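Being a predicted model, the structure only gives us computed values, none of them experimental. Numbers restart at 1 for each chain; the letters A, B, ... are given by sequence-line order, proteins then strands.
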Amino acid sequence: MLDNISYFIRRALRNMRQWPVLCSAAILTMAVALATMATFFLVVINIQGLATSWSEEVQVVAYFQYPPAGNQLAPLIRKVEAFADVKQAIYITKTEALKRFEARLGDDAGLLEGVSRDLLPASLEISLKSGSHNREGVARVVAELKKDSRFDDLRFGQEWLERFENFVDLLKFVGLVLGSFFLLAALFIVSNTIKLTLYARRDELEIMALVGATKRFIQIPFLLEGALQGLASGVCALGFLTLAYKLLLQKSLQTFWLTPVGFDPIFLNGNQQLILVLCGILLGSLGSLVSLRKFVRL
Amino acid sequence: MLDNISYFIRRALRNMRQWPVLCSAAILTMAVALATMATFFLVVINIQGLATSWSEEVQVVAYFQYPPAGNQLAPLIRKVEAFADVKQAIYITKTEALKRFEARLGDDAGLLEGVSRDLLPASLEISLKSGSHNREGVARVVAELKKDSRFDDLRFGQEWLERFENFVDLLKFVGLVLGSFFLLAALFIVSNTIKLTLYARRDELEIMALVGATKRFIQIPFLLEGALQGLASGVCALGFLTLAYKLLLQKSLQTFWLTPVGFDPIFLNGNQQLILVLCGILLGSLGSLVSLRKFVRL
Amino acid sequence: MIQLFNVTKSYGKENVALREMTVHIEKGEFTYVTGPSGAGKTTFLNMLYGACKPTRGQILINGINITRMSGRQIPYLRRKIGVVFQDYKLLNSRSVYENVAFALEAQGKKRYEVSKRVYKALKEVGLEHRLQRKPIELSGGEQQRIAIARALVVEPLILLADEPSGNLDQEVTLEIMELFKRANARGTTVLLATHDHSLYKRFPKRVLGLEDGRLIMDHQP
Amino acid sequence: MIQLFNVTKSYGKENVALREMTVHIEKGEFTYVTGPSGAGKTTFLNMLYGACKPTRGQILINGINITRMSGRQIPYLRRKIGVVFQDYKLLNSRSVYENVAFALEAQGKKRYEVSKRVYKALKEVGLEHRLQRKPIELSGGEQQRIAIARALVVEPLILLADEPSGNLDQEVTLEIMELFKRANARGTTVLLATHDHSLYKRFPKRVLGLEDGRLIMDHQP
Ligand SMILES: Nc1ncnc2c1ncn2[C@@H]1O[C@H](COP(=O)(O)OP(=O)(O)OP(=O)(O)O)[C@@H](O)[C@H]1O
Ligand SMILES: Nc1ncnc2c1ncn2[C@@H]1O[C@H](COP(=O)(O)OP(=O)(O)OP(=O)(O)O)[C@@H](O)[C@H]1O
Ligand SMILES: [Mg+2]
Ligand SMILES: [Mg+2]
């Protein structure tokens, strides 16, 4: 058995050495396909990462009709923070509110000069727990707050939230469609390349069968070869991706988002890198297998 | 000669019929490569289109210390509109300015209730000619305006403009890099596919040479075949792209931009569609040519 | 050993290569198969190692009906049979050594044993000095001898040799015939398809004569 | 017609296939090339149609030095030469008709002329009923005859036939020899490499004997 395995590996390696053109063609084709897919994946997870960091900003603002008295404030905050969806509630005084409004107006802040310091109401800024950054979570919190008559007005950017959620859904959908398209294209190209490789070597397959080799005996070295080529292509793709990311993508992503919150571009983590290489191996062996079934008829 | 051409075409077609696997493999590989590149191109031209429509909004706002008298306004506007970079100047009264500010605050507009109607100054909104939507154009206009003491303050979003220009530059750069990467990948995969195709048919090439066929006689049908396959793949890619655009991209692009200005997603125009198909033909014939030079040695 | 009952093989409708052939060949027999070009000699041999199935009729080898054999079992049948193909069927991308070793490796033989036996077989056909060449770098006759070495290296129960001396000069032909006779003496059943009258005149053995797919002669010396 | 001066062909360092061969063959001559397996017969013929170049020495065909010929001119040389390859070199993916027509199409012949001449050539080798088959669906001898038809269909100035009867029975061999003799009578220079002693005993012509790459015999009947 061990003898057999070493024989198969030797034959796979010998094949690859003997047909450097075919071998490198298959490897590079797979590497290109894998790198393309991984690039798309990177873009999608980065957008999603950004989306998550954006959605962390989702909060409900409750305006007071009259600023609460000093001793009423603490129990109120405790009460609000006890809601299932709420992470934290922060009190914003009138002065602070105006300061923020000025900051938000930016260039236009000068326009507020001379306006009464009382202009804006005091409020409670309520941030939500990570599971509740969506329409339902906001709705539940708003419903609870409405029961309290001390709140004059509630702001929660309903419209913005909906639009944002639609956008993320769309993004996922586009990513899925493009992703499957590329996966299919990659599989197709790879299995074609391997089919051509095998086609160019059909005499070999025929003669092996004629001298009494079993189907498995014929197929295993080719499968191994496919797997090895897949491994090589996975490593190539990973190397290419790392380089591209370091030199190009990282910077471009950072600028692209013009990110308001501190968001670091994400690269593939250890597991995902492993998966990429495994995908290569799978692609190579599957491609070989599919094509072999066509060529090794006994 | 005519006899020869018809013979070459017949042989190219016969070859393609005889090797449907090889033929469709080459066609589909090229189609995938072309479609990928064209998709990237579409995304880039759409972002650029959006960028252009965004940059049309670039304008300089000049605030008056005191609203100009009725008879002074018209000459002033004429003077400003005479600047080389200026397309149009529009006078905004104090009331109108406040109305706009309210609209801009959106949900927060309630906060301005009771504020004096005089809060905001009157201004001149100066839009620029299409060639001047950049830092230099804005700088020239601002320099001119500064000479006029009636203007209290000038706003032109310098910072935003810089950031935006950087972004567009980056986009072009990333597009170029990704584009060339895909072009190279496509060329590589196609020439490999064709090389494998020819490799699988090396006996044919050898025997042709042995019975006295000239190099050209051997190569032309393969070149023709490459060109025909390229044509087919170009048409496939175009069809796929149109379908994808109609079903998916158009909608997604529209939503994606959350476009503030009326911006219609762009599809390839007639010329570009032609170029895509021509690219296919070029790809096919070039791929054949490069590979043939390796295989047809006499 | 080999029994054919009413075997007919036709390609397409009207193209009949073998017609109602019934023949028995004993274990250890040496048999010539002769007949003009296109008589069906190759078709006959092809069916014995499962390269094609008869359209009608049954073929028994060692008592096993190979017309009913599944694809899984055919390799095991072939391991008992050495074949010298009319067109050699050598791999031009592999060395002579590898071509011959192939037949043994396919049977899962140990590396050491493979190299010993391959060397011996190549020596027998007089080509031990061509070990590392590619078949395409050999003369026609040398290629034919490689094909013979590959068939003999597995020490088969049955040897099917299709025109094994077509590209060999008389001297080498005699040597090869000696090899076949020696294998036959060790118990191998030999079937040798040939046009060469002088061959079976010089080494008289049983002769099966085919013509147009029919067995028209079965002559025991 | 064909003149060789001190032609040596070696593959690698010590593997010499032809040694210092000098021979003249007149226009319209019929010459056998004989010698044991590996003597250099195929190498000799290969050099005449430019498949390989001599390591040393000069070859003149029709007064033209083909050792100095560029790759561009070789096709035009080959159009004057019909070759029957030892391993046939037929295209298995093409029909018999196409295989034979190929040689004419490569010379840019008109379609009508091609079909007429192909049909005639196939008829001469007795295979006009195999027109639409693939070579792989033919017997060894039939393939050999297709290769002969392809060589003759171009009505060559020189015919190089490498072991053209290795897979043919005596009867067909005689027919083929008749074809060669008829072509020879029309003026074609014929070189026929063979092991078959009986062939040049039956049709006595000039015999060149090779051994180990050396010309050891040049016998005129
Ligand atoms: N795959 C095939 N498809 C169709 N016809 C075939 C096929 N193989 C053989 N034939 C036909 O069957 C007949 C017998 O062929 P076979 O190869 O058995 O002859 P053979 O006796 O070996 O002849 P040779 O001495 O020339 O090799 C021939 O007429 C041939 O054309
Ligand atoms: N491409 C090659 N590379 C290396 N050696 C070669 C090559 N072709 C032929 N030889 C060697 O040159 C010698 C002569 O070969 P050639 O094919 O001319 O012999 P031949 O007379 O045709 O023999 P046969 O009758 O067996 O066909 C042989 O020893 C062969 O091994
Ligand atoms: Mg036969
Ligand atoms: Mg030879």
Side-chain angles (χ1 to χ4, degrees), chain B residues 1-26 194-226 229 288-289 291-298, chain D residues 45-46 48-53 69-95 97-114 134-136 146-147 149-158 160 162:
Chain B
M1 195 59 206
L2 213 77
D3 211 58
N4 253 346
I5 291 174
S6 94
Y7 170 71
F8 286 140
I9 292 177
R10 257 185 298 129
R11 223 175 72 204
L13 288 176
R14 194 176 49 185
N15 271 347
M16 287 166 75
R17 245 180 300 128
Q18 198 150 30
W19 307 89
V21 179
L22 298 186
C23 174
S24 57
I194 294 181
K195 204 180 290 165
L196 285 176
T197 321
L198 289 175
Y199 186 81
R201 280 148 77 168
R202 58 197 183 284
D203 334 359
E204 199 171 329
L205 296 173
E206 188 205 344
I207 291 171
M208 279 198 257
L210 285 178
V211 298
T214 57
K215 215 163 170 168
R216 190 169 301 158
F217 184 86
I218 299 173
Q219 289 183 337
I220 286 177
F222 285 100
L223 268 183
L224 255 174
E225 196 181 329
Q229 290 176 348
S288 292
L289 195 66
S291 314
L292 271 171
R293 290 168 61 94
K294 274 202 67 170
F295 279 100
V296 185
R297 289 193 219 93
L298 283 181
Chain D
L45 298 187
N46 276 349
L48 297 183
Y49 66 90
C52 60
K53 296 214 163 180
M69 220 171 217
S70 75
R72 286 183 152 281
Q73 295 170 293
I74 284 181
Y76 300 98
L77 166 70
R78 289 188 182 160
R79 290 180 187 185
K80 301 199 200 96
I81 302 178
V83 188
V84 182
F85 299 95
Q86 194 168 9
D87 52 354
Y88 317 153
K89 293 202 192 292
L90 298 174
L91 281 173
N92 282 324
S93 54
R94 301 259 183 244
S95 71
Y97 175 87
E98 286 173 314
N99 265 285
V100 179
F102 220 57
L104 288 173
E105 284 168 356
Q107 306 192 1
K109 290 278 183 292
K110 293 259 178 305
R111 217 171 156 186
Y112 169 74
E113 194 189 342
V114 168
K134 299 274 154 68
I136 206 158
I146 302 298
R150 185 180 61 189
L152 286 173
V153 77
V154 296
E155 293 176 357
L157 283 180
I158 302 175
L160 307 176
D162 199 351

Fill in the blank from the handout: Separation between CG (D:Leu91) and CD (B:Glu206), nearest 0.5 Å, reads 9.5 Å
Handout entry: Proximity breakdown for D:Leu77 and chain B, heavy-atom pairs closer than 4.5 Å
Key = neither
Practice task
Report the distance from atom OG1 of B:Thr214 to atom CD of D:Gln107, rounding to the nearest 0.5 Å.
Solution key: 11.0 Å
Practice task
Please state whether the side chain, the backbone, both or neither of D:Lys80 comes within less than 4.5 Å of a heavy atom of chain B.
Solution key: neither
Exercise for the section: Give a yes or no on this: more than 12 heavy atoms of other residues, nucleotides or ligands lie within 6.0 Å of atom CZ of B:Arg10. Expected result: yes
Practice task
Indicate the atoms forming the closest heavy-atom contact of D:Arg78 with B:Gly212, along with that distance.
Solution key: CB-CA, 3.7 Å
Practice task
Answer yes or no: is there a side-chain heavy-atom contact under 4.5 Å between B:Arg14 and D:Arg94?
Solution key: yes
Handout entry: Sole candidate of D:Arg150, D:Glu105, D:Arg79, D:Lys89 that passes side-chain contact (heavy atoms from CB on, under 4.5 Å) when paired with B:Val211
Key = D:Arg150
Problem - Euclidean distance, B:Leu210 CG relative to D:Phe102 CZ, rounded to 0.5 Å - result: 10.5 Å
Practice task
Check whether more than 12 heavy atoms from other residues, nucleotides or ligands sit under 6.0 Å from atom NZ of D:Lys110, and answer yes or no.
Solution key: no
Problem - Over 12 non-hydrogen atoms of neighbours within 6.0 angstrom of CG in B:Leu13 - result: yes
